[in-house]
2 protein chains.
Amino acid sequence: MALILENIAKHVSLTPEEQALFLSKLETQTYKAKTILLNAGEICKHSYFVNSGILRSFNINDNIVEHVLAFACEGWWMSDMYSYFSQKPGQLFIEVLEESEVISLSKENQEQLFLEIPKLERFFRILIENSLVANQQRLMDNLSLPAEERFEKFCAKYGTLVHKVPQKQIASFIGVTPEFFSKMKARLLKK
Amino acid sequence: MALILENIAKHVSLTPEEQALFLSKLETQTYKAKTILLNAGEICKHSYFVNSGILRSFNINDNIVEHVLAFACEGWWMSDMYSYFSQKPGQLFIEVLEESEVISLSKENQEQLFLEIPKLERFFRILIENSLVANQQRLMDNLSLPAEERFEKFCAKYGTLVHKVPQKQIASFIGVTPEFFSKMKARLLKK
DNA sequence: AACCTTTCTTAATCTACATTAAGTGCTTTT
DNA sequence: AAAAGCACTTAATGTAGATTAAGAAAGGTT
């Protein structure tokens, strides 16, 4: 459980008692690759923190095309934020990509914690602020950069993933077809 | 000042004293069209709330191409979130599009308020949550929808703006050139 | 090992959108 | 009122990336 406490300590400092209280609200579980943690149409009742392994979130367009919204690896949080915040059915799937140890924090427990340890409200606000900034940057990148540069940015940010997740999912993340991605990669290797 | 209090009341309820304290930290000012509230390279020291009028944020790519990140009209907040949160120089410009009455909340005053009225921490967390969800949706739309549908979504969300801001800025927002946007519009009108 | 399924590659063809360029009508400036 | 500057349009041409279709690798499963 050290990782998640470090993660928190980066933004707010908890007393040992607060740490214990926080940990008591969490559940840790190991999942095999391909486990679906959340289906589209369901209400997202947990935020997930990745102790080890990789998760991804995606949606399926018109029941055909998958679009990867995000990856989460060690030390990252993941959920369907729309559904989690609003407690309404969402459009995202969350899937385990390789055997992963995942900590779950339920929405209810999170609300509880906000009351018992108000500092955590600050912590989660900062997490979301950072997500928002990253998302805006990605949006601008998608509007202004060609696929090749979007891929470079992906590598810079998720370097560890490049050889761990299927290429077609990276293609989807940066917004191109697997075929085009393959061609682009061959082009890049020539240089 | 009623509008901003209503805005807050949607998410947290303040006592009259808290309301007064909050208002005392704000500055209201009227700006003419084309006023630049923030330049790229500067540190964003304020969040802006639009009482009336329209703001937009954008960046300039390679010193040439403008990309519109967001519009803010009556009742919306705007800032360069990256720069505002981190207090480092940002890449965004914020510009007044038509004569606007704008409330400024400085970063310092916001921090103060978080200490004096912790409920506000919750309010701003919710604001940011909503932004994040909207941003993720827009990102997915950009990855999966053709320009025409992105424009429809724009109209649904910013209907009031369609005839108020220059077309080329809408084009930029949805991620196409003004020329293509013009052609697309002509095509849509035929239907 | 043999089979099946999924991922990746290659190549031809196609299309949504970009680029370039020219022209039209506005507003703003002088 | 002319000049200048923008915003918008139209049209020709160009291209990044999609689509389709096929085969080659690479896992998984029995």
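Every chain is numbered from 1 and lettered A, B, ... according to where its sequence line falls, protein lines coming before strand lines.
Note on B:R150 versus B:D141: no salt bridge recorded, every NZ/NE/NH1/NH2 to OD/OE distance being 4.0 Å or above. Ion pairing between a basic and an acidic side chain is recognised when a charged N comes within 4.0 Å of a carboxylate O; B:E121 and A:K119 show no such pairing. Under a 4.0 Å N-O distance rule, the pair B:K107/B:E111 qualifies as a salt bridge.
Under a cutoff of 6.0 Å and an axis angle of 45°, A:K168 and A:F181 do not form a cation-pi pair.
Pairing each heavy atom of B:K32 with each of B:T35, the nearest pair is O-OG1, 2.6 Å. Nearest heavy-atom pair, A:S79 versus A:C44, reported as atom, atom and distance to 0.1 Å: CB-SG, 4.0 Å.
Judged purely by distance below 3.5 Å, without hydrogens or angles, the side chains of A:E108 and A:S106 never pair a donor atom with an acceptor atom.
Residues satisfying the ring pair (Phe, Tyr, Trp, His ring centres under 6.0 Å) test with A:F114, not counting sequence neighbours, are A:F124. Not counting sequence neighbours, the partners of A:F58 by the ring pair (Phe, Tyr, Trp, His ring centres under 6.0 Å) test are A:F93. Taking A:E6 as the reference, nothing meets the side chain to side chain donor-acceptor pair (under 3.5 Å) condition, with sequence neighbours excluded.
The footprint of chain A on DNA chain C, defined by a heavy-atom cutoff below 4.0 Å, extends from C:dT7 to C:dT10.
Inter-axis angle, ends of the helix from C:dA1-D:dT30 to C:dT30-D:dA1, five pairs per end, rounded to 10 degrees: 50°.
In this structure, A:I36 shares a hydrophobic cluster with no other residue, the cluster being traced through Ile, Leu, Val, Met, Phe, Trp and Tyr side chains under 4.5 angstrom apart. Chaining together hydrophobic side chains whose heavy atoms lie under 4.5 Å apart leaves B:L145 on its own. In the hydrophobic clustering, A:V50 connects to A:Y31, A:L37, A:L38, A:Y48, A:L55, A:M78, A:I94, A:V96, A:V102, either directly or through intervening members, whenever side-chain heavy atoms lie under 4.5 Å apart.
Interface residues of residues 153-168 of chain B facing DNA chain D, ordered by number: B:P166, B:Q167, B:K168; criterion, heavy-atom separation under 4.0 Å.
Other residues, nucleotides and ligands contribute at most 12 non-hydrogen atoms within 6.0 Å of the CD atom of A:E27.
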Base versus backbone protein contacts along nucleotides 14-21 of chain D [heavy-atom cut-off under 4.0 Å; B, S, -]: ---BBBBB
Show each protein N/O and nucleotides 25-30 of chain D N/O combination with a separation under 3.5 Å, one pair to a line.
none

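Pairs of residues two or more places apart, or lying in two chains, that qualify as side chain to side chain donor-acceptor pair (under 3.5 Å) and include a residue from residues 88-101 of chain B are B:N51-B:E101, B:R56-B:E95.
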